[in-house]
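Taking it in order: structure first as structure tokens, then the write-up.
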Amino acid sequence: MFQFAKAPTYILLSALLSTSLPAIANNASSLPDIGTTAASTLTIDKEIEYGEMYMRIMRASRPIINDPVLSEYIQDLGHKLVANADGVKTPFDFFLIKNYEINAFALFGGNIGVHSGLFLHAKTESELASVIAHEIAHVTQRHLARTLEDQAKKNPATMAAMLGSLLLVIAAPEAGIAALHATTAISIQGMLNHTRSNEKEADRIGISTLAKAGFNPQAMPHFFERLAEQYRYTTKLPAMLLSHPLPESRITDSRLRANSYSVVRLPPSERYLLAKSRMVARNIGFSQTSALNWFNAELKKAPANQRKELNYGKALVYLDSGQYTKAQQLLLPLLAAEPNNLFYIDAITDLNLYQKHYDKAINRLESALQYQPESSVLQLNLANALFEAKRYQQSINILTRYSYQHPNDINGWALLAQNYAKQNQRDGELAAMGELAALRAQWGLAISNYTQAAQRAKLGSLDQARYDARLDQLRLQQAKFEALRSSF
């Protein structure tokens with residue numbers, strides 16, 4: 001469904017989103033007034049609108065990882081940090097990009113992307129959290145809006161040009177890069193200076209957020225030091241070091257700030273280690289053979305209390321390669337020890353479905369939902385198990401409720417369309433496909449699908465009224481989207 005993005009796109013986008021005015025607060029908890037200079041150029045509401053627009057284009061053009069288990073993990077981690085951040089003025093949403101480069105970036109409106117490659121290099125959950133906390137600080141400090149304000153003072157046309165170029169960077173990397181070169185009015189040295197002060201500000205506030213959220217504040221300088229040492233003598237830097245430069249002064253500053261907090265010694269996070277194993281097995285570009293070699297090498301040196309997560313990763317590789325007996329031998333003891341662990345339930349459910357043990361999978365998921373009724377992972381797994389068992393209407397009932405509660409989740413709409421297709425309910429299939437198209441800013445296709453759905457529905461029925469109402473909404477959304485884009 002998605003294609004791998006070229007690394008330079010993310011390097012450029014992340015660098016731009018990391019550029020800001022110099023830091024203006026000395027204390028970690030002293031944030032600048034959100035209503036200052038940036039507000040005169042870009043309101044919070046307008047940032048959220050731009051963020052929504054950019055995300056629709058991201059879904060259409062970038063390799064977003066639509067894995068319910070990993071999505072739930074990164075959302076939980078991100079929102080734990082947001083709950084302990086100061087100056088939060090926007091909603092936040094966290095998503096994963098299938099890209100082996102070490103990187104993360106913040107878009108308008110609290111949308112934060114994390115590359116899958118980051119999981120391979122972050123040794124602890126605190127290190128991963130330190131990167132996300134840094135990006136959250138970019139959003140709460142409104143770094144991009146403040147940069148655009150600074151440029152607009154020099155050239156009123158610059159902000160619109162840069163917003164349009166950022167849109168191009170997401171949708172068409174080469175054109176966007178050329179446009180940015182043509183419209184950016186500041187010197188390269190000036191951008192670097194802004195980036196350095198901006199990064200230090202985000203580090204300082206990010207470390208404060210880390211500490212408040214109960215993570216180890218030392219994780220940020222530790223991660224910085226290891227990256228700097230690893231790439232000290234290389235000419236090919238990872239994306240994160242190109243978009244987030246690491247001069248010695250920045251590393252020293254982060255170390256001194258972290259030292260002002262109490263040292264926190266945390267046990268290894270099981271959820272992080274499981275998420276990391278899932279990433280290695282499926283989302284960082286390893287072949288199945290390479291992934292197995294990685295897990296076997298890690299198992300040889302891992303302490304006893306971290307081997308189960310590695311065995312879980314091996315089981316996923318076996319599942320994906322059709323070696324079901326080997327997968328089962330690893331998964332059953334894991335599930336027996338932790339029967340409510342969603343990582344294990346998801347994997348064993350996949351195994352049941354591959355083996356055509358549909359009732360076993362459905363019973364397990366229904367039982368688990370009694371204790372975790374709001375779990376997206378369990379709801380989607382149950383809907384999928386019912387689909388595989390050809391119990392399409394039951395699957396539709398679950399997905400109809402799910403998609404109402406999670407309208408931006410591509411998984412729900414895609415599976416709903418498949419169920420309707422199996423039931424020969426062409427109007428329902430068209431409507432679900434219309435929602436998928438709208439999530440990717442494919443407005444013409446979305447409107448066409450809903451128009452056909454309304455024509456196929458029974459005249460005067462509730463379904464026809466619903467489709468017609470949604471058509472009106474889509475036309476309004478399209479007009480709003482085009483108006484934003486035409487303002488560049």
Side-chain angles (χ1 to χ4, degrees), residues 1-2 59 64-72 278 281-283 315-316 318-322 324 327-328 331 335 340-440 446 449-450 452-453 456-457 463 466-467 470:
M1 184 182 299
F2 295 100
R59 294 188 195 104
I64 292 177
I65 297 173
N66 294 303
D67 179 321
V69 179
L70 292 174
S71 294
E72 187 168 284
R278 194 174 180 94
R282 292 177 170 170
N283 292 297
L316 293 183
Y318 287 139
L319 270 179
D320 295 343
S321 60
Y324 303 137
Q328 181 170 290
L331 286 173
L335 188 66
N340 296 319
N341 188 308
L342 293 180
F343 285 86
Y344 301 153
I345 292 173
D346 172 87
I348 203 72
T349 298
D350 285 347
L351 176 63
N352 292 155
L353 297 182
Y354 290 143
Q355 296 174 325
K356 304 188 185 305
H357 298 159
Y358 304 124
D359 289 343
K360 186 180 291 187
I362 291 167
N363 291 337
R364 175 179 287 109
L365 291 165
E366 289 177 337
S367 177
L369 274 165
Q370 293 179 17
Y371 300 97
Q372 302 180 70
E374 302 302 318
S375 170
S376 299
V377 173
L378 293 177
Q379 291 178 58
L380 287 170
N381 266 285
L382 178 57
N384 184 57
L386 290 166
F387 173 80
E388 293 293 339
K390 300 183 180 180
R391 293 160 62 174
Y392 304 123
Q393 190 56 52
Q394 288 176 272
S395 183
I396 288 171
N397 293 341
I398 292 172
L399 290 167
T400 300
R401 292 192 299 272
Y402 180 86
S403 296
Y404 177 79
Q405 296 169 342
H406 306 275
N408 293 334
D409 190 340
I410 283 176
N411 294 300
W413 294 115
L415 187 52
L416 191 57
Q418 293 177 51
N419 273 283
Y420 277 128
K422 291 292 186 180
Q423 290 279 74
N424 292 317
Q425 292 180 245
R426 181 61 175 158
D427 61 321
E429 180 188 4
L430 284 164
M433 291 171 64
E435 294 297 337
L436 286 171
L439 285 173
R440 295 167 177 145
N449 281 346
Y450 262 101
Q452 293 179 64
R456 288 173 174 271
D463 281 338
R466 180 166 56 86
Y467 297 149
R470 184 60 177 139

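Throughout, residue positions are numbered sequentially from 1 according to the sequence presented. Please read all numbers here as calculations on a predicted model, not as lab measurements.
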Verify side chain to side chain contact (heavy atoms under 4.5 Å, CB included) between L380 and I398, making sure each step is shown before the conclusion.
-> CA-CA 8 Å; L380 287 170; I398 292 172; over 6 Å; no
Interatomic spacing from [atom1] in [X] to [atom2] in [Y] - rounded to 0.5 Å:
X	Y	atom1	atom2	answer
L365	I348	CG	CD1	11.0 Å
R440	I410	CZ	CD1	4.5 Å
L382	L369	CG	CG	6.0 Å
D67	D346	CG	CG	7.0 Å
D350	I345	CG	CD1	12.0 Å
Y420	D427	OH	CG	7.5 Å

L70 side chain reached by N283 side chain, heavy atoms, under 4.5 Å |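 N283 vs L70: side chains touch.
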So, the side chain of S321 versus the backbone of Y318: is there a donor-acceptor pair under 3.5 Å, distance only?
->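 Indeed, once roles are kept as given, a pair shorter than 3.5 Å links the two residues.
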Do you see a donor-acceptor pair shorter than 3.5 Å between the side chains of N381 and T349?
->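 Absent: no donor and acceptor within the cut-off.
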Show the nearest heavy-atom pair for residues [X] and [Y], with the distance to one decimal.
X	Y	answer
A385	A361	CB-CB, 4.5 Å
A383	S395	O-OG, 2.8 Å
E429	A417	CG-O, 3.7 Å
A315	A327	O-CB, 3.7 Å
Y324	Q355	CB-NE2, 4.0 Å
L430	N449	O-CB, 3.3 Å

Hey, could you give me each pair passing side-chain hydrogen bond (donor to acceptor under 3.5 Å, both in side chains) that has a residue in residues 408-417? Not counting sequence neighbours.
->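 side-chain hydrogen bond (donor to acceptor under 3.5 Å, both in side chains) check on residues 408-417 returns Y402-D409, D409-N411.
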Does any pair with a residue in residues 361-378 pass side-chain hydrogen bond (donor to acceptor under 3.5 Å, both in side chains), and if so which ones, sequence neighbours excluded?
->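 Only N352-R364 qualify under side-chain hydrogen bond (donor to acceptor under 3.5 Å, both in side chains).
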Which pairs, with at least one residue in residues 380-400 and sequence neighbours excluded, count as a ring-ring contact (aromatic ring centres under 6.0 Å, His included)?
->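 Counting only pairs at least two positions apart or across chains, the ring-ring contact (aromatic ring centres under 6.0 Å, His included) contacts touching residues 380-400 are F387-Y392.
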Q425 vs I396, side chain to side chain contact (heavy atoms under 4.5 Å, CB included): CA-CA, chis, key distance, verdict = CA-CA 11 Å; Q425 292 180 245; I396 288 171; 4.1 Å; yes
Going through the checks in order, is the side chain to side chain contact (heavy atoms under 4.5 Å, CB included) test met by L342 and V69?
-> CA-CA 8 Å; L342 293 180; V69 179; 5.7 Å; no
Verdict with reasoning, Q423 to Q393, per side chain to side chain contact (heavy atoms under 4.5 Å, CB included) | CA-CA 8 Å; Q423 290 279 74; Q393 190 56 52; 3.4 Å; yes
